[in-house]
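To start, the structure under review is shown below, and the notes come after it.
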Protein chains: 2
Amino acid sequence: MPVIKPEQVTAGGERKNRKELRLHSSIARDLGLRIVSGRYRPGHVLAGEIEASGQLKVSRSAYREAVRMLAAKGLVQSRTRTGTRVSAVEQWHLLDPDVLAWVFAGEPELEVLQGLFELRTIIEPEAAAIAAARRNDENLEVMRNALERMGLHTVNVEAGRIADRDFHSELLRATRNPFIISLTNGVAAAVHALTEFKQREHALKRDPLPEHWRVFEAIEAKDTERARTSMAELIRLAITDMPVKRWPDNWTDSRLVRDSG
Amino acid sequence: MPVIKPEQVTAGGERKNRKELRLHSSIARDLGLRIVSGRYRPGHVLAGEIEASGQLKVSRSAYREAVRMLAAKGLVQSRTRTGTRVSAVEQWHLLDPDVLAWVFAGEPELEVLQGLFELRTIIEPEAAAIAAARRNDENLEVMRNALERMGLHTVNVEAGRIADRDFHSELLRATRNPFIISLTNGVAAAVHALTEFKQREHALKRDPLPEHWRVFEAIEAKDTERARTSMAELIRLAITDMPVKRWPDNWTDSRLVRDSG
DNA sequence: TCAAGTTGATTTCTCAGACAAATGCTATCT
DNA sequence: AGATAGCATTTGTCTGAGAAATCAACTTGA
C-alpha cells in the first residue's frame with residue numbers, strides 16, 4: 001500500500017489541495033492517520049524499517065524521518081530489537097495540531113467530540129475574561145475584521161470558517177499567555193475541521209454571528225465578567241449545533257479512553 | 001561545539017542520570033534547549049546540514065532526524081534553499097512535554113511561571129470537579145497511595161516530588177477526558193521541574209500535604225463543588241510558595257511574548 | 001521601461017548500501 | 001535451576017551521491 005506521494009497528488013489533475021507535503025511528512029501523516037483512526041492499535045508493532053520502507057516504495061531514511069516525527073508527537077516509540085510500536089493513548093500528544101487534525105480528519109467519535117467541547121468550555125470563557133482585561137487595540141481590530149468577514153461569507157463556506165478561526169485565535173492571543181496561545185493552534189485546527197464536519201451533515205440553520213459579536217463587545221468594553229458569560233453561551237450554542245442525536249453521560253467506552261497499551 | 005553523546009555521559013564516570021538518549025534525541029534536546037533558552041532566536045537560520053552536522057561531529061542523517069523532531073514540535077521550519085529557521089514563538093508546541101521540560105530546564109522567567117500557573121488555575125479546579133464526578137475506586141486508590149508516599153518523603157526529595165506528580169496525573173486521568181489527560185504529561189513534567197526549582201532556592205517551609213488531602217477527600221466524597229474550591233486553594237498556595245519577589249501585573253516584555261519573527 | 005520567462009546557484013530532500021550498537025532469545029555451563 | 005555466553009534481529013549511525021525546490025540574477029520581448 002504505497003503512500004500518496006506529493007507529485008502524484010498534483011499530477012493527478014487536481015489542483016494542489018494542500019501544502020504539498022514533503023515525502024517524510026506524507027508518510028508521517030499516512031501512518032499517523034492509521035494510528036489515530038485505530039487501524040494500528042496501541043501496542044501494535046510496525047513492520048521493520050526495511051520491509052515498511054519497501055512496501056511504501058520509499059527509502060529507509062525517508063521512512064525513518066517520518067517515524068521520528070511520530071515519536072516526537074508521542075504516537076510511537078522505537079527500540080532496537082523490539083521494533084517500533086504504537087504507544088498507549090495516554091502518551092499521545094493529543095493537543096498537537098497535527099495529531100488533532102488527524103483525529104478529526106475522519107468521523108470523530110461522539111466521546112471525542114464531547115472531550116474537546118468540555119476542554120473548550122473550561123478554557124475559552126476564562127480566556128475571554130483574561131482577554132477582556134489585557135487586549136489592546138490591535139487585537140480588537142483583528143477580531144472585528146474577522147467577525148465582519150464571518151458575516152460576509154457565513155460559516156457555510158471556507159472563507160467564513162477561516163474568519164471564525166481567526167476570531168478565536170486572536171481572542172486567545174489577546175490573553176498574552178503563551179501556553180493558552182499554544183493551545184490555540186491545536187484547538188483552532190480541530191474546530192475548523194469540526195465546523196466542516198457540521199457542514200458536511202447539513203448547512204447550519206442558526207446564525208452564530210450574534211453571540212460572537214456579544215463576546216466582542218464585552219472584550220471591547222473590557223468587561224471581564226460579561227466576556228466570560230457570553231463566551232460560555234457561545235460554546236453552549238455551538239454544542240447544540242452539533243448534528244448529534246444524544247450526548248452520553250459518560251464515555252468510558254471510547255476508543256481513546258479504553259485502549260491503554 | 002560537539003553535542004554530548006550518550007556514551008560520553010555514561011563513560012564520564014557519572015551514573016546514567018537519564019534514559020540514555022539516542023544520538024538524534026540528544027541533538028534534538030541540544031538544539032531545542034538553545035532555541036527555547038533564546039540562544040537561537042525566532043527567525044534565526046541554522047547552519048546548513050553539512051556544516052551543522054560537521055560541527056556537531058555527527059552524520060547528516062542523525063542531524064536531519066533531530067531537525068525533523070524539532071519541526072514536529074513546531075520549533076523550526078525547513079525549506080529548500082532557505083534553510084532551517086527557528087519558528088515564531090506562537091508556532092511552538094509549548095505544551096509538548098519535551099518543549100515544556102526544555103523551557104523549565106533553566107531558570108524560567110517570571111512571566112513564564114505566571115503563564116503556567118494561570119493555565120493551571122483555569123484547568124485544574126475544573127478538572128478536579130469533573131474528576132469528583134467520574135472517578136472510580138482505582139483512581140482513588142492510586143491518589144491515596146501517592147499522597148501517602150508524599151507524606152512519607154516530603155517534596156524536598158525526588159521521591160516526594162514524583163508522588164506529587166503522580167497525584168496530579170491520576171486526578172487528571174480520573175476526568176476520563178483524553179484532551180485533559182494529554183495536558184497532564186506536559187504540565188506534570190513542568191510542575192515537577194518547578195518543584196525542583198523551588199527546592200533549589202530554599203527548602204519548602206510550609207507543608208503542602210493538608211490541602212492535597214482536602215482535595216482528595218472532596219473527590220472521594222464525589223463533592224464536585226468542594227473539589228473545585230479546594231483545588232483552587234491548593235494552587236493559590238503553591239503560587240505563594242514560589243520564591244518570587246513580586247508578581248507582575250502584565251508580562252508584555254516576556255521573551256516568549258515579545259519575539260514573533 | 002517593464003513584465004515574463006530563463007538560467008544558475010544553493011539548500012534541503014531522497015536514495016542506496018554498509019557497518020555499529022543494543023537487546024531479546026537460546027543454548028550451554030556450573 | 002540459575003547464571004552466562006553467544007546468536008540473531010532490529011534500530012541506529014555513517015558515507016556519498018544525485019534529485020528537487022527555490023531564490024536571485026539575467027535575458028528576452030513587447
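Protein chains get the first letters and strands the later ones, always in sequence-line order, with residue 1 at the start of each. Hydrogens, waters and symmetry mates play no part in the numbers below; they use all other heavy atoms, side chains included.
The 5' end of DNA chain C is approached more closely, in terms of each residue's nearest nucleotide, by A62(A) than by the other of A62(A) and T82(A). The 5' end of DNA chain C is approached more closely, in terms of each residue's nearest nucleotide, by R81(B) than by the other of R81(B) and R81(A). Comparing T80(A) and S59(B) by the nucleotide of DNA chain D that holds the closest heavy atom to each, the one mapping nearer the 5' end is T80(A).
In this structure, the CD atom of E49(A) is 14 Å from the C1' atom of dG17(C), given to the nearest Å. Computed from coordinates, the L56(B) CG to dC14(D) C1' distance equals 15 Å when rounded to whole Å. Going from atom CD1 of I27(B) over to atom P of dT13(D) covers 8 Å, rounded to whole Å. Rounded to whole Å, atom C1' of dA16(C) lies 18 Å from atom OH of Y63(A).
Side chain of T82(B) to backbone of R79(B): no donor-acceptor contact under 3.5 angstrom is found. Proximity of a side-chain donor or acceptor of S182(A) to a complementary backbone N or O of P178(A) within less than 3.5 Å is not detected.
Taking only distance into account, the side chain of R60(A) meets the base of dG12(D) through a donor-acceptor pair shorter than 3.5 Å.
Look at R79(A) and you'll find a side-chain N or O under 4.0 angstrom from OP1 or OP2 of dG24(C).
For the contact set between residues 64-78 of chain B and DNA chain C, defined by any heavy atom under 4.0 Å, the members are R64(B), R68(B), S78(B).
Qualifying salt bridge (charged side-chain N to carboxylate O under 4.0 Å, His left out) partners for E65(B), counting only residues two or more places apart in sequence or in other chains: R64(A), R68(A).
Applying the ring-ring contact (aromatic ring centres under 6.0 Å, His included) test to pairs two or more places apart or on separate chains, none has a residue in residues 46-80 of chain A.
A donor-acceptor pair shorter than 3.5 Å can be found between the side chains of E124(B) and H168(B).
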(message) Pair R22(B), T80(A) - check side chain to side chain contact (heavy atoms under 4.5 Å, CB included), show working.
(response) CA-CA 11 Å; R22(B) 301 312 227 132; T80(A) 49; 3.2 Å; yes
